[in-house]
Amino acid sequence: MSKAHRGTGLRKTANHGRGTCAICKTEGIKVVYEYDLDGKKVMICKFCKAHLKNKARLEKPAAAPAAAEAPAEAPAEAQA
């Protein structure tokens with residue numbers, strides 16, 4: 001697997017990939033993930049990336065339970 005966010009790949013970037021996160025404002029942290037914030041491409045840390053991904057994952061299943069109930073009824077009708 002690729003290791004784009006460690007070692008050799010970071011040596012080519014300014015300050016070896018370290019800077020200030022655009023979301024949490026932590027200084028001296030690796031900011032190697034691009035994120036679209038208010039129409040701008042900004043670099044964020046892996047902790048903010050994970051937080052945003054988990055937040056989106058938790059918001060998404062709100063519509064999924066209604067869809068999950070419909071297929072459960074169909075096999076019951078097929079057995080009768």
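Positions are given from 1, in the same order as the sequence printed here.
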To the nearest 0.5 Å, what is the distance between NZ (K49) and CG (N54)?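 These two atoms lie 10.5 Å from each other.
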Do the side chains of I44 and L52 get nearer than 4.5 Å, heavy atoms only?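 L52 reaches I44 side chain to side chain.
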Show me the donor-acceptor pairs, under 3.5 Å and distance only, between side chains in residues 11-35 and residues at least two apart or in other chains.
residue: T13; atom: OG1; partner: L10; partner atom: O; Å: 2.7
residue: T13; atom: OG1; partner: G17; partner atom: N; Å: 2.9
residue: R18; atom: NH1; partner: G28; partner atom: O; Å: 3.2
residue: K25; atom: NZ; partner: A22; partner atom: O; Å: 2.9

Does any pair with a residue in residues 40-61 pass ring pair (Phe, Tyr, Trp, His ring centres under 6.0 Å), and if so which ones, sequence neighbours excluded?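 Found none.
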